[in-house]
Amino acid sequence: MNQEVELRHLRYFVAVAEELHFGRAALRLHLAQPPLSQQIRKLEEIVGHQLFSRTSRAVRLTAAGEVFLDRARRTLRTVREDLAEARSVGRGEIGSLRVGFIGSGMLTPLPAMLGRYRRKNPKADLQLREAMSSQIMQSLLDGAVDVGFLRDGGPLPGLESETLFSEPFVAVLPASHALAGRKTISAAALRDEPFVFFPQSAGRVAYEKPISICEEHGFRPRIVQEAPQWLTVMRLVGAGLGVSLAPACVEKIAPPDAVCVRLSHICVRSDIELAWRAGEDRTIVTTFREMAREILMRPERRRR
């Protein structure tokens, strides 16, 4: 009958080989000496050769035992490493995580959250991919990313999402504009201005929100130029091509020739959302979501 070597055989063998004394090895293993001797003899039967040379005065490794000791230590070390890795995967500390994010998210607390995740999970393969909200949502559906930070992404079948935080919209004006020195203005004051806007392809909800602010004040903006990045929008506004409405975070990248002015009596806000595929339950994704909620979501929203 074929017999197989068990991990306990290897542990017993290594203990005896390192102690070169059955009594001390038994104490180290918390075993009685007779059962330990029986297991070593059984291991030798499986191997087909003596691993120890025993006399009344000493225990020594045979040539076969010396070779087997190296292999046994390596096997036990590999098993320990494999167990540790499996446990880390189970806790969401190891694995590949592809994260999509919108560029304006870099003007919010998002980078600090990503840095904290990296420090806490150094073995995780964190892959960051910048894109527009609409592109991130499609990448989630296609399985190209695992989780995505959106700006005003809105609902989409096949995806789940939650709002992490929101910010007000501001008016972006050329520094030379007559209203640039005001602390606040009404959106209605921009009725006759040309606008520089994001393209609608960036995301339907993200496009419609600032449009709705204008419509609430009795006009639809006259868009004369579109640009895919907020820095481009800001520079074009500063150059005098028009005005814009933007989330407040863009004030951090305002050039000297453009200013951001608060809008009065505005309820519409821009939402930063975290999205993932419906049914996604991998630990590495849920762990990331929990950290994002902990760091980025306001306490009153976390309690809901």
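- Within the structure, every pair that satisfies the ring-ring contact (aromatic ring centres under 6.0 Å, His included) test and touches residues 223-265, not counting sequence neighbours, is listed here: F198-W230.
- By the 4.5 Å heavy-atom criterion applied to side chains, M234 and C260 are counted as neighbours.
- For E215, the side-chain hydrogen bond (donor to acceptor under 3.5 Å, both in side chains) test picks out R220, with sequence neighbours left out.
- Scored by the salt bridge (charged side-chain N to carboxylate O under 4.0 Å, His left out) test, E280 finds R277, R282 as partners (sequence neighbours excluded).
- Residues forming a salt bridge (charged side-chain N to carboxylate O under 4.0 Å, His left out) with R11 (at least two apart in sequence, or on another chain): none.
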Discussion item. I'd like to know whether R151 forms a side-chain hydrogen bond (donor to acceptor under 3.5 Å, both in side chains) with S104, so could you lay out the CA-CA distance, the side-chain angles of the two residues, the decisive distance to 0.1 Å, and finally the verdict.
Written reply: CA-CA 8 Å; R151 181 175 292 280; S104 62; 2.8 Å; yes
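- Residues that satisfy the ring-ring contact (aromatic ring centres under 6.0 Å, His included) test with F52, not counting sequence neighbours, are F13.
- The shortest side-chain heavy-atom distance between M113 and R116 does not fall under the 4.5 Å cut-off.
- To the nearest 0.5 Å, the span separating CG on L236 from CD on E226 amounts to 11.5 Å.
- With rounding to the nearest 0.5 Å, the separation of CG in L69 from CD in E18 is 6.5 Å.
- Clustering of Ile, Leu, Val, Met, Phe, Trp and Tyr side chains at separations under 4.5 Å places L179 together with F169, L173, I185, L190, F195, F197, Y207, I211, I213, F219, I223, V243, L245, V259, V261, L263, I266, V268.
- Residues L76 and V67 are members of separate hydrophobic clusters, defined by side-chain heavy-atom contacts under 4.5 angstrom among Ile, Leu, Val, Met, Phe, Trp and Tyr.
- E66 is linked by a salt bridge (charged side-chain N to carboxylate O under 4.0 Å, His left out) to nothing, counting only residues two or more places apart in sequence or in another chain.
- With values rounded to the nearest 0.5 angstrom, Y117 atom OH is found 11.0 Å from E290 atom CD.
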Practice prompt. Check step by step if side chain to side chain contact (heavy atoms under 4.5 Å, CB included) holds for L141 and L156.
Written response: CA-CA 10 Å; L141 292 174; L156 187 67; 3.5 Å; yes
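- Shown here are the salt bridge (charged side-chain N to carboxylate O under 4.0 Å, His left out) partners of R118, two or more places apart in sequence or in another chain: there are none.
- Among residue pairs with one or both ends in residues 139-164, those qualifying as ring-ring contact (aromatic ring centres under 6.0 Å, His included) are F149-F288; sequence neighbours excluded.
- A heavy-atom distance below 4.5 Å is not found between the side chains of L31 and Q39.
- A distance of 10.5 Å separates OG1 of T75 from CZ of R80, quoted to the nearest 0.5 Å.
- Contacts of R191 classified as side-chain hydrogen bond (donor to acceptor under 3.5 Å, both in side chains), with partners at least two apart in sequence or in another chain: none.
- How far CZ of R119 is from CG of N121: 11.0 Å, rounded to the nearest 0.5 Å.
- Taking NZ of K120 as the start and CE of M291 as the end, the distance is 4.5 Å to the nearest 0.5 Å.
- Identified under the salt bridge (Lys or Arg N to Asp or Glu O under 4.0 Å) test for residues 239-265, with sequence neighbours left out: none.
- Paired with I272 under the rule side-chain contact (heavy atoms from CB on, under 4.5 Å), one option of T163, D152, L150, I102 passes, and it is I102.
- Look at E44 and R54 and you find a salt bridge, because one of the NZ, NE, NH1 or NH2 atoms lies within 4.0 Å of a carboxylate O, short of that distance.
- In terms of the ring-ring contact (aromatic ring centres under 6.0 Å, His included) criterion, F101 has no residue partners (sequence neighbours excluded).
- The shortest distance between side-chain heavy atoms of I40 and L51 does not fall below 4.5 Å.
- Annotation: side chain of L110 is in contact with side chain of M106 (closest heavy-atom distance under 4.5 Å).
- Using a 4.5 Å heavy-atom cutoff, the side chains of V233 and V172 are not in contact.
- Taking 4.0 Å as the cut-off between side-chain N and carboxylate O, E6 and K42 do not count as a salt-bridged pair.
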